[in-house]
K.L.:
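Starting off with a structure, shown below.
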Amino acid sequence: MRQLTVQLGERSYPILIGSGLLAQAPSFFEQYGLTKKSPLMIITDENVAPKYLPALEQTLRAAGYAVVSAVVPAGETSKSLAVYQDMMTAAIEGKLDRSSAILALGGGVVGDLAGFVAATYMRGIKFVQIPTTILAHDSSVGGKVAVNHPLAKNMIGAFHQPELVLYDVDTLQSLPPRDVSAGLSEMLKHGLIRDEAFAHWCEEHAEALLALDPDTLGYGLERGCGIKAEIVSNDERENGERALLNLGHTIGHAIEAIAGYGEFLHGEAISIGMAGSALLGEKLGAAAGLYDDTVRMLRSLRLPVTLPAHLGTDALMAAMMHDKKFREGHMVFIVPDRIGAARIVKDVPVTVVREVIELLRKGE
Ligand SMILES: NC(=O)c1ccc[n+]([C@@H]2O[C@H](COP(=O)([O-])OP(=O)(O)OC[C@H]3O[C@@H](n4cnc5c(N)ncnc54)[C@H](O)[C@@H]3O)[C@@H](O)[C@H]2O)c1
Ligand SMILES: O=C(O)C(=O)C[C@@H](O)[C@H](O)[C@H](O)COP(=O)(O)O
Ligand SMILES: [Zn+2]
């Protein structure tokens with residue numbers, strides 16, 4: 001088992017990554033303080049439930065935990081206030097109390113939704129992240145929990161850290177290929193912002209990652225989580241360097257929102273956004289070749305890098321103004337200087353962003 005720690009003083013927590021961990025969930029829950037005197041609620045989705053829910057329920061009940069479960073539709077549309085309200089109803093009917101915990105069994109959608117339920121139920125109860133997608137190596141760490149507004153991503157949310165992240169990598173073997181690539185998008189992102197060697201490693205090991213080779217994937221998840229954990233430990237509330245984790249997200253979130261949530265997977269939209277960020281980097285002084293290198297790396301992971309024609313520039317520009325980094329009339333972008341290093345640029349001219357969007361549509 002690989003183990004990392006998110007260092008946040010009294011709220012520090014472990015990330016446990018390994019094979020066969022779901023079967024050992026009760027002993028980890030006892031170790032990290034989940035009481036058997038109050039019910040646990042598992043939130044999962046309709047794709048994950050048939051594969052992993054019955055065994056987890058049975059293991060926990062056999063160890064003396066009372067468990068209720070709630071299954072939401074699969075996909076981004078479940079990050080909504082309507083589904084959030086359904087989860088609140090399930091928690092109340094399930095008689096969760098202030099000592100209860102919510103278990104997020106699934107990908108980033110389930111993690112963000114369940115985490116927001118935990119952050120707000122009775123003004124906040126414990127939760128555990130049990131990621132089942134590659135992408136969730138990012139979403140399960142760091143405590144950003146949220147649902148979407150039709151106009152903008154993750155607009156209704158909180159910072160609420162889990163008690164632990166229990167990452168059973170065996171679950172990843174059942175992921176569809178499109179979700180494998182989408183998850184690797186955020187893994188590469190961690191290299192692009194902080195670790196040049198890791199970015200190259202992702203490209204060099206692309207075929208093994210796409211084939212879900214356990215050792216290769218285990219290292220990639222550990223390094224990706226490690227970079228994220230270090231940044232979150234330094235800047236939990238995004239007052240500074242945490243914004244680097246938003247590479248590609250200003251454009252990516254706008255794509256997701258104007259396409260109506262669901263046409264593009266998050267990792268796919270972020271891939272197009274990271275190609276756009278590389279174009280922006282070159283416009284703001286990075287050496288020529290940054291865009292070509294970035295696009296080659298993304299393509300090696302079978303990710304999209306061009307903006308589809310039906311997403312109009314005006315609609316994208318308007319959606320980008322809802323970005324949470326937009327402040328005091330300025331567009332803020334995470335701009336790569338080179339592979340492995342990025343910076344926060346606080347006043348990117350709107351005209352330059354428009355030019356980048358047009359180039360991104362042509363794939364240049
Ligand atoms: N909080 C954060 O810091 C953070 C970071 C990155 C992304 N996110 C959010 O995460 C979400 C995307 O996460 P995601 O890509 O994991 O999406 P997801 O949760 O929708 O999962 C992707 C798909 O895979 C299915 N699935 C999940 N696990 C499976 C398994 N083991 N086997 C087979 N199918 C499985 C799901 O049902 C779904 O259809 C977005 O909403 C994004 O905004 C949050
Ligand atoms: O943890 C972070 O910080 C991130 O930015 C990670 C992103 O991958 C993630 O998509 C996050 O949800 C985006 O946050 P937001 O504040 O832009 O909604
Ligand atoms: Zn993301």
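One-based numbering along the sequence shown. One-based numbering, in listed order, for ligands and for the atoms of each. Everything numeric in this text was worked out from a predicted model, so none of it was measured.
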K.L.:
At a 4.0 Å threshold, what atoms of ligand 2 neighbour a non-hydrogen atom of Leu245?
P.N.:
1 (O), 2 (C), 3 (O), 4 (C), 5 (O), 6 (C), 7 (C)
K.L.:
Pull out every atom of ligand 1 sitting under 4.0 Å from any heavy atom of Asn47, numbered as shown with elements.
P.N.:
36 (C), 37 (O), 39 (O)
K.L.:
Against ligand 1, does Glu256 come closer than 4.0 Å with any heavy atom?
P.N.:
no
K.L.:
Judged by atom type as modelled, is there a donor-acceptor pair below 3.5 Å linking the side chain of Asp45 to the main-chain atoms of Ala74?
P.N.:
no
K.L.:
With a 4.0 Å cut-off on heavy atoms, is Lys189 touching ligand 2?
P.N.:
yes
K.L.:
Kindly confirm or rule out an N or O of Val109 lying under 3.5 angstrom from an N or O of ligand 1.
P.N.:
yes
K.L.:
Considering only heavy atoms of Arg242, which atoms of ligand 2 have at least one such atom less than 4.0 Å away?
P.N.:
1 (O), 2 (C), 3 (O)
K.L.:
Under 3.5 Å between some N or O of ligand 1 and some N or O of Thr171?
P.N.:
yes
K.L.:
For atom 2 (C) of ligand 1, what's the nearest protein heavy-atom neighbour? Residue, atom name and distance, please.
P.N.:
Ser139 CA, 3.5 Å
K.L.:
Would you call Glu328-Lys346 a salt bridge at under 4.0 Å N-O?
P.N.:
no
K.L.:
Check whether any N or O atom of His249, backbone or side chain, sits under 3.5 Å from an N or O atom of ligand 2, and answer yes or no.
P.N.:
yes
K.L.:
So is Leu265 in contact with ligand 1, going by heavy-atom distances below 4.0 Å?
P.N.:
no
K.L.:
Can you tell me the angle formed at the Zn ion (ligand 3) by NE2 of His266 and OE2 of Glu186, to 10°?
P.N.:
90°
K.L.:
Number the atoms of ligand 2 from 1 as they appear, then name those within less than 4.0 Å of a heavy atom of Lys228, with their elements.
P.N.:
1 (O), 2 (C), 6 (C)
K.L.:
Assess whether a salt bridge exists between Glu203 and Arg299, defined as any Lys/Arg side-chain N lying under 4.0 Å from an Asp/Glu carboxylate O.
P.N.:
no
